[in-house]
Amino acid sequence: MTTSNVPSGRRWATVLLVGMAVAVAQPAFAQVLSHQKISDTEGGFTGTLDVIDFFGFATATLGDLDGDGVVDLAVGAHFDGDGGFKRGSVWILFLNADGTVKSHQKISDTAGGFAGTLSDGDVFGSSVAALGDLDGDGVVDLAVGAPDDDDGGSARGSVWVLFLNVDGTVKSHQKISALDGAFTGVLDDGDTFGSAVAALGDHDGDGTLDVAVGASGDGDGGVQHGAVWMLFLDVDGTVKSHQKISDTAGGFTGELLNADFFGYSAALLGDLDGDGVGDLAVGAAEAGFFGHKGVPPSPGAVWILFLNANGTVKSHRKIGDGIGGFDGDLDDFDRFGRGLTALGDLDNDGLSELGVGAPDDDDGGITAFAEHGAVWVLFLAADGTVRAHRKISETQGGFTGDLDRFDRFGTALAPLGDLDGDGVGELAVGAPEDGDGGTGHGAVWVLFLETTAPASEVIRAGVPPNPVAFLPGVSSPPLLGAVWDPVVTPILPVPVLDFIALSPQQLNLFVPPLGTLLCDVSSPGPILSSPPGTPFQIPIPSDVNLAGFSFCAQAASTAADFTIALTNALDCTIGTF
C-alpha cells in the first residue's frame, strides 16, 4: 500500500464512492414505504360493489385523464352483474396524490355511455390496457378484454376498444372478435381471446398504435397451451393485420405444456435488448394448475419475447422456478405470472423492471393454500435474465397491509408513476377476492415504493486468516446520507497510523509476510488514513443510485519502524436500512 498524495478522507470517499458505483452498479431494490387501500370501505371510493364483483381483477394506468396533474387508474370487475349475470365492468378511478379516490366513473352494460352489447358471462373487464390516443383526439383510449364472449362460438372471446372522454365516459367503441373489427384470425371454442391485453405502442412503425391480446385457452400444440395475437390497428380500432404467437406460430420455439395458459397476462417491456423493437413479457401462470393428466404442478412462469417489427419472435427467455436467473422461493400453484407489468427503470440501469404477480402465494397464511398473494419485482438484464429480485407480500418487502385468505393480492398490476413526488414510482396491485364490504367485492392496493437495499458489513479474514482487527461501523453500517465510521483495533506494539483501502474488487491473495491482500488496490478506489484506534469518517452520498452497491474495504497499521500489518477485510453493501 502507498499513501502518497492522499486527499482528505471525506473528499475521496464522496467522489470515488460515486465513481465506483457508476462503474460497478448493483441493482437497487423496491420496498414498500407505505400503502393505501381502495375498496368498498376504504380509500375514498364511493362506487357500489356487490358480492363476487371481483373489483381489482384487472388494472391499467390511464395517465392523467382528467388533467389534474395526478395519474388515473382503470380497474376491471369482470363478474359485475350490471345488465345481467357476469357481464362485467370497468371502473375509471380519478386519484389523489395520496392514492385515495377523488371521483370515479363506471363503464358497464348500463353505465358510462357504453353502447356495446354485452351478454351474460362475457366477463368484460377481465383485462384492461391503456392504448394511448388511438383516434388522435387528445384523450387516451382503452382496450378491454371479454374472454368468454361467444362471438362465433363458445368462449372464443373478444376485445373492446373504448374511445374515452376526459370524464371517463365512452365516446364510441369498436369490438374485435371472430365476427367483428376486421379481425381475420381463426378463433376456436374456448380460446378466450381477450384474457390479456397489452399496449404495444406503434410496434410496426406505421404511425398507428397496436395491441397484444392473449388467448390463454388456445389449443395450438396441445390442450390450453395458449397464444398471443399481435394486432396492428387502424385509427378506428379495427384490425389492419395480425400475427399469432403460439406453440406452432410466430417463430416462438419455447416449450409449452397442456394447461400452461400462455397469454393469461402480458406486458410491454420496451426495448430490452436494444435492437430498436419493443419486447413483450407473457405469463403462463397456470402450468399444471388444473391437473391435466401427465402435467405436473408448477408455480407458473413468465416468457420474455424478443420481438421483430412484424410481431414474430426473434428469441425468447423463460423465467420460473430456478430458471432464467430467478432464485426466488416459489411453490407449486403460486401462479407466478398471473399479473404482469413493466415498472419502469427503478435502478437507473437503462432497462425496465418487471412486476410479476403470484396471487396464490401463501405468505402470511396458516395453511398451505392460504392464497393471500404476492408480487415479485424482477430486475432484468438485457438478455431477459433476472439480476435481482424483491418480493412484496404480507411478510416481506415492507408491506404492512392486512391480507386475508383468498384475497389473491397480485392478480393484476399497474405502475402509477411517481404519485408522491419522491422520485420513485408507485404500484397498483389488485386483490379481487378481498372481502371488504362483502364476499369477493375486491380491492386495489396502492403501494408507495422506495428504492432500498439492506446495508451490510461482512468480515472476511482470508487464507491464511488475517487478524480480525478492522471492525464494522461504530454507529451504523454504510447507509446512504450517513457517515460510515469503521475502526481498526491496534494490532502492532507501537502503531503510528492506520490506513483503509476501498475497492469495488475483491481478492484473496497471500502476500508474505504482510498477510492476505483482500482488496484489489490496483482498481480505482481511495486509500485513507486515521490515527491509531480512531474511527474513519467516510460520508456516503445520499444518492439512490448507490443503494445496493457493494465494495471491499481492508485496513492496515504501521509502526514507527515501518512495520506494516494487514487486517481482515469488510465486504460491504451500501443500503438505506
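Sequential numbering from 1 along the given sequence is applied to the chain's residues.
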Between the main-chain N or O of [Y] and the side-chain N or O of [X], is there a donor-acceptor pair closer than 3.5 Å?
{"X": "Ser127", "Y": "Gly194", "result": "yes"}
{"X": "Ser195", "Y": "Pro147", "result": "no"}
{"X": "Ser246", "Y": "Thr248", "result": "yes"}
{"X": "Asn568", "Y": "Ala461", "result": "no"}
{"X": "Gln554", "Y": "Thr567", "result": "yes"}
{"X": "Thr61", "Y": "Val71", "result": "no"}
{"X": "Asn308", "Y": "Asn310", "result": "no"}
{"X": "Asp362", "Y": "Glu371", "result": "yes"}
{"X": "Ser550", "Y": "Thr573", "result": "no"}
{"X": "Asp520", "Y": "Ser503", "result": "no"}

Sort out for me which residue in [options] forms a side chain to side chain contact (heavy atoms under 4.5 Å, CB included) with [X].
{"X": "Phe409", "options": "Asp404, Asp434, Leu403", "result": "Leu403"}
{"X": "Ile574", "options": "Pro478, Pro477, Ser456, Pro541", "result": "Pro478"}
{"X": "Leu307", "options": "Leu272, Ile245, Thr312", "result": "Ile245"}

Using the ring of Phe57 (Phe, Tyr or Trp, six-membered ring only), decide whether Arg338 places NZ or CZ under 6.0 Å from its centre and within 45 degrees of its axis.
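The answer is yes; both the distance and angle limits are met.
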Quick check: closest heavy atoms across [X] and [Y], and the distance to 0.1 Å?
{"X": "Ser352", "Y": "Leu269", "value": "CB-O, 3.6 Å"}
{"X": "Pro472", "Y": "Glu457", "value": "CB-OE1, 3.3 Å"}
{"X": "Thr341", "Y": "Pro415", "value": "OG1-CD, 2.9 Å"}
{"X": "Pro299", "Y": "Leu330", "value": "CB-CB, 3.7 Å"}
{"X": "Gly364", "Y": "Thr395", "value": "N-CG2, 3.6 Å"}
{"X": "Ala556", "Y": "Leu566", "value": "CB-CD2, 3.8 Å"}

Between [atom1] of [X] and [atom2] of [Y], what distance do you get to the nearest 0.5 Å?
{"X": "Leu449", "Y": "Ser34", "atom1": "CG", "atom2": "OG", "value": "9.0 Å"}
{"X": "Phe470", "Y": "Arg460", "atom1": "CZ", "atom2": "CZ", "value": "12.0 Å"}
{"X": "Trp484", "Y": "Ile540", "atom1": "CH2", "atom2": "CD1", "value": "7.0 Å"}
{"X": "Leu200", "Y": "Leu209", "atom1": "CG", "atom2": "CG", "value": "9.5 Å"}
{"X": "Arg408", "Y": "Asp360", "atom1": "CZ", "atom2": "CG", "value": "4.5 Å"}
{"X": "Asp220", "Y": "Leu256", "atom1": "CG", "atom2": "CG", "value": "10.0 Å"}

Go through it in stages, so that I can follow the logic: the residues are Glu353 and Asp345, the test is side-chain contact (heavy atoms from CB on, under 4.5 Å), and I'd like the CA-CA distance, side-chain angles, deciding distance and then a yes or no.
CA-CA 6 Å; Glu353 275 59 69; Asp345 185 9; 3.7 Å; yes
Quick check: do [X] and [Y] have side-chain heavy atoms less than 4.5 Å from each other?
{"X": "Asp485", "Y": "Val487", "value": "no"}
{"X": "Val277", "Y": "His203", "value": "yes"}
{"X": "Leu305", "Y": "His316", "value": "yes"}
{"X": "Leu33", "Y": "Val424", "value": "no"}
{"X": "Asp202", "Y": "Asp210", "value": "yes"}
{"X": "Ile500", "Y": "Val488", "value": "no"}

Please determine whether side-chain contact (heavy atoms from CB on, under 4.5 Å) holds for the pair Gln537 and Val483, giving the CA-CA distance in whole Å, both sets of side-chain angles, and the decisive distance to 0.1 Å.
CA-CA 6 Å; Gln537 298 291 310; Val483 174; 3.3 Å; yes
Under the side-chain contact (heavy atoms from CB on, under 4.5 Å) test, which residues partner Asp273, sequence neighbours left out?
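With neighbours one apart ignored, the set is Asp271, Asp275, Asp279, Phe306, Lys314.
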Partner set under salt bridge (Lys or Arg N to Asp or Glu O under 4.0 Å) for Asp418, not counting sequence neighbours:
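Asp418 satisfies salt bridge (Lys or Arg N to Asp or Glu O under 4.0 Å) with no residue once adjacent residues are dropped.
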Please lay out, stage by stage, how Leu570 and Ile459 fare under the test side-chain contact (heavy atoms from CB on, under 4.5 Å).
CA-CA 5 Å; Leu570 297 179; Ile459 293 174; 3.6 Å; yes
Show which side-chain atoms of residues 374-383 pair as donor or acceptor with protein atoms under 3.5 Å away, not counting sequence neighbours.
residue	atom	partner	partner atom	Å
Asp383	OD1	Thr385	N	3.1
Asp383	OD1	Thr385	OG1	2.6

Knowing that exactly one of Gln396, His372, Lys391, Arg335 qualifies, which makes a side-chain hydrogen bond (donor to acceptor under 3.5 Å, both in side chains) with Asp361?
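By the side-chain hydrogen bond (donor to acceptor under 3.5 Å, both in side chains) criterion, Asp361 pairs with just one of Gln396, His372, Lys391, Arg335: Lys391.
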Can the SG atoms of Cys552 and Cys572 be said to lie under 2.5 Å from each other?
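Taking the criterion (SG atoms under 2.5 Å apart), Cys572 and Cys552 fail it, so no.
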Using the six-membered ring wherever Trp is involved, compare the ring planes of Phe262 and Phe252 and label them parallel, tilted or perpendicular (cut-offs 30° and 60°).
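Parallel.
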Quick one, His389 with Val356, criterion side-chain contact (heavy atoms from CB on, under 4.5 Å). Give me CA distance, side-chain angles, the key distance, then yes/no.
CA-CA 10 Å; His389 57 76; Val356 181; over 6 Å; no
